[in-house]
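Working notes, structure below.
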Amino acid sequence: MTEGTTNPANCPICGKDNNCGNLADKPQGTCWCSKEIFPWEIFELVPAHALKQSCICKGCLEKFKAQNSL
Ligand SMILES: [Zn+2]
């Protein structure tokens, strides 16, 4: 693979820990992201190889919503 590293524990946008509950040995659906709405536009910021691999972190989601008045 030549697409660089894709760590599922790191946000694909900012590279910080995404605090995904689904990786922390918790039952599916207990992550904060399960209760949030992700506008589809935000996924355009995610590199194609990281889509469905890494969760976006809450910081980036909130920043995106603030910037786009969502
Ligand atoms: Zn982030």
Side-chain angles (χ1 to χ4, degrees):
M1 297 295 272
T2 55
E3 291 180 322
T5 53
T6 303
N7 187 338
N10 291 107
C11 171
I13 299 173
C14 70
K16 290 181 192 157
D17 188 343
N18 58 26
N19 287 311
C20 183
N22 294 334
L23 291 175
D25 272 348
K26 291 177 188 164
Q28 281 280 326
T30 56
C31 181
W32 63 269
C33 64
S34 302
K35 303 175 191 70
E36 293 285 344
I37 292 169
F38 287 79
W40 65 267
E41 293 96 330
I42 199 169
F43 294 105
E44 298 192 333
L45 301 177
V46 179
H49 70 270
L51 277 174
K52 297 181 181 165
Q53 301 289 321
S54 309
C55 284
I56 294 167
C57 75
K58 197 166 193 172
C60 283
L61 176 65
E62 288 179 351
K63 197 169 129 196
F64 185 86
K65 284 182 173 178
Q67 284 172 346
N68 293 276
S69 312
L70 291 168

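Note that ligands are numbered from 1 as they come in the structure, with each ligand's atoms numbered from 1 the same way. Sequence positions, counted from 1, serve as the residue numbers for this chain.
By the side chain to side chain contact (heavy atoms under 4.5 Å, CB included) test, Gln67 is found to be paired with Lys63, residues two or more places apart in sequence or in another chain being considered. Shown here are the salt bridge (Lys or Arg N to Asp or Glu O under 4.0 Å) partners of Lys65, two or more places apart in sequence or in another chain: Glu36.
When side chains are defined from C-beta on, Leu61 counts as touching Pro39, because their heavy atoms get closer than 4.5 Å. When side chains are defined from C-beta on, Pro12 counts as touching Ile56, because their heavy atoms get closer than 4.5 Å.
Without hydrogens or angle criteria, Asn18 side chain to Pro8 main chain gives a donor-acceptor distance under 3.5 Å.
Distances shorter than 2.8 Å separate the Zn ion (ligand 1) from the protein N/O/S atoms Cys11 SG, Cys14 SG, Cys57 SG, Cys60 SG.
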Practice item. List the steps, then state whether side-chain contact (heavy atoms from CB on, under 4.5 Å) holds for Ile42 with Asn68. Key: CA-CA 10 Å; Ile42 199 169; Asn68 293 276; over 6 Å; no
